[in-house]
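Here the structure comes first, spelled out in structure tokens, and everything after it is commentary.
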Amino acid sequence: MIFTIAGRELRSLFLSPLAWSILAVVQFIIAYLFLAQIDGYLMLQPQLATIEGAPGVTDIIVAPLLADAGIVLLLITPLITMRLLSEERRNRTLSLLFSAPVSMTEIILGKYLGVLAFFGVLIALLALMPLSLLAGTALDLGKFAAGLAGLGLLVAAFAAIGLFMSSLTEQPTVAAISTFGLLLLLWIIDWTGVNADQTSGLFAWLSLLRHYEALLKGLVNSTDVLYYLLISVLFLGLSIRRLDADRLQH
Amino acid sequence: MQKEVLVHVEHLTRYYGQTCAVNDVSFELAKGEVLGFLGPNGAGKSSTMQVITGNLAPSAGSVTISGIDLLDNPKRAKHEIGYLPEQPPVYRELTVDEYLQYCAKLNRIARGHIGKAIDTARERCGLGDVRRRLIGNLSKGYQQRVGIAQAILHTPAVVVLDEPTVGLDPIQIREIRALIRELGEEHGIILSTHILPEVQATCTRVQIINAGQLVFADSIAGLEQRLNTTSLIAGFHAAPDTGTLQQVPGVTQVDTLPDGRMRLNYADTDPSEALIAQAVTNGWRLYELAPERRTLDQIFIELTCSDEPGSNTEAAA
């Protein structure tokens, strides 16, 4: 049942030009960043050759690329998630799901999985770029995998937040703006601590960025993984409750 | 005759904040019945239907579908319901076939039966010609039909249709009504509308709801009886005085209408024949004689306009 809903979600995404244009734009921007990183690496290469234990291709090209991809995805996630529930509510198609023998949890998880599948495609396309380096050089595949997993977790958290924001409103644009606001806030929330030089532990822990940085270095800490899973589960739970509340009061 | 009860609604109440939309509504629907739900705008028709289909939680009361409590066991109960809301819940970007395919899976039709179920629903709703077209490009009438197809796809015991003929042209309305009557033979149907002749054309039972309360519930036969009043309208070119008319056997009261015609109320025996006989012998020059019939509209207005307490309700009682 979850997969039925996820399948329709994915299908509807790809039936609209939005998904295709997002894929194209993201691919183009990441490709440009990728070329810029390679260019930078080629300039540095003579000096790197003289240093013992110098950072490799993975550190200089792949990690920054994935970090940039995180920011780009932060910008486009609200556009993908905004219509998940708000559009169904607006077009009155939600009652189709409500009167079918499907639970709220199945509806939310179906929608979430559909969107995750889209991001899976997006990340797979991004991953092809660093992988193309394998043709000419060796990559630290472990580090690369940790970075990709980090990006995946990051996007999973983004999508859960977006889904929740979409469940709150009838207007897709409102959902997009509020998702973007919350994501950006969670991204920069630790900046206060850094500037005042008195790192607030809580704010640093809350920051989406901090946990991603560790994964990009190839450090798979269970706390970081747990952080993303917690965020995702929290917002999915909130979405289910919000959807249930639709029946209780209008 | 033992009827299979499909929907059992008891003391249903629903508040929106302080506003009471549905107030202590109870009714039953048996198999083979088409129940017409009438009421002015905002009377609580749609709210009641949304509660029955699980789209709204009731503030109080219970709903049982085919013996399954909707609140305790929503998944199984919803299996027995097909619902067409006011706006057909269609995805504009899908084709008719894709959409029905999705609905079939959503309603947990077994994989092997999906094709057949879709074929049947499509045929019944006359969607054969548009099966590969995008729903968004179809006319309102066809979208409405897709919505109905979706509601009957999984052959639910109860089909709930909220204003199914709104926005359709007269031919489509006739087709949809025929379809509803046909469906009524195998399913229990609840239909809401504010088009009164529609109820007379399609339903076997009528309920009128006003300000959240049921104010009238009867079968169509009972309604027909209510429509027949016990009075005649007669027009004479050489009218006798009311006293003479009152002598006609059966007549209890005679009123003169503003246009010169007379209204003759009677109790038990219809005085038409006696009146005609006397008119001929006495040369009253009778030119019109018609039994007065109230329309459903009149009953509806009497029951729903609270500021105009029914002046002639007792005539029908």
Side-chain angles (χ1 to χ4, degrees), chain A residues 1-21 80 82-111 113-114 117-118 167 170 172 240-250, chain B residues 14-17 19 21 46-47 49-59 65 68 70-71 73-95 98-99 101-109 134-136 147 150-151 153-154 156 158-160 162:
Chain A
M1 194 51 50
I2 293 175
F3 292 109
T4 306
I5 297 174
R8 194 211 62 82
E9 201 53 54
L10 196 60
R11 187 187 196 103
S12 284
L13 262 178
F14 278 111
L15 284 175
S16 76
L18 182 72
W20 293 103
S21 52
I80 290 293
M82 64 178 183
R83 25 162 309 288
L84 279 176
L85 284 161
S86 56
E87 202 172 69
E88 295 236 16
R89 194 171 276 149
R90 201 178 196 180
N91 294 341
R92 307 294 160 99
T93 46
L94 211 50
S95 61
L96 181 72
L97 294 170
F98 280 172
S99 41
V102 188
S103 69
M104 299 293 162
T105 316
E106 283 171 322
I107 297 174
I108 292 289
L109 288 183
K111 298 241 156 216
L113 267 190
F118 172 79
S167 77
E170 241 181 51
I240 293 169
R241 289 206 52 129
R242 180 64 195 81
L243 204 57
D244 214 28
D246 254 24
R247 289 166 54 245
L248 301 174
Q249 51 190 213
H250 261 340
Chain B
R14 165 77 204 195
Y15 284 92
Y16 292 113
T19 326
S46 291
S47 296
M49 297 190 134
Q50 283 177 329
V51 172
I52 295 172
T53 55
N55 280 259
L56 270 184
S59 306
I65 311 285
I68 307 160
L70 181 66
L71 297 176
N73 204 340
K75 270 200 198 177
R76 269 186 59 211
K78 282 177 183 177
H79 209 80
E80 301 295 329
I81 299 176
Y83 176 44
L84 170 71
E86 266 173 291
Q87 269 188 34
V90 292
Y91 295 101
R92 303 174 58 85
E93 69 271 21
L94 298 183
T95 66
E98 284 170 343
Y99 174 72
Q101 190 90 24
Y102 173 59
C103 295
K105 286 188 200 151
L106 215 52
N107 282 297
R108 298 173 199 271
I109 299 178
L134 287 181
I135 295 176
Q150 162 271 125
L153 188 61
H154 50 298
V158 184
V159 181
V160 180
D162 200 347

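Naming convention: chains lettered A, B, ... in sequence-line order (proteins, then strands); numbering from 1 in each chain.
Considering CZ of A/R8 and CD of B/E98, their distance stands at 11.0 Å, rounded to 0.5 Å. In this structure, CD in B/Q50 is found 7.5 Å from OG in A/S95, a value given to the nearest 0.5 Å.
Across B/S59, B/A57, B/P89, B/P85, the residue that shares the most heavy-atom pairs under 4.5 angstrom with chain A is B/P89.
Heavy atoms of other residues, nucleotides or ligands lying less than 6.0 angstrom from CZ of A/F14 number more than 12.
Looking at A/E87, neither its backbone nor its side chain comes within 4.5 Å of chain B, counting heavy atoms on both sides. The contact between A/L96 and chain B is made by backbone and side chain atoms together, counting heavy-atom distances below 4.5 Å. Proximity to chain A is absent for every atom of B/E86, based on heavy atoms less than 4.5 angstrom apart. There is no contact between B/V51 and chain A, counting heavy-atom distances below 4.5 Å. Proximity to chain A is absent for every atom of B/Q101, based on heavy atoms less than 4.5 angstrom apart.
Residues B/R108 and A/V102 come closest through the heavy atom pair NH2-CA, 4.3 Å. When all heavy atoms of A/L248 and B/R14 are compared, the pair lying nearest together is O-NH2, 2.7 Å. Contact record, B/K78 with A/F98: NZ-O, 2.7 Å, taken as the closest heavy-atom pair. Across A/R11 and B/L94, no two heavy atoms sit closer than the pair CD-CD2, 3.9 Å. Across B/L106 and A/P101, no two heavy atoms sit closer than the pair O-CD, 3.9 Å.
Using a 4.0 Å cut-off between charged side-chain N and carboxylate O, A/R83 and B/E93 make no salt bridge.
B/K75 is not listed as a side-chain neighbour of A/M1, based on a closest heavy-atom distance of 4.5 Å or more.
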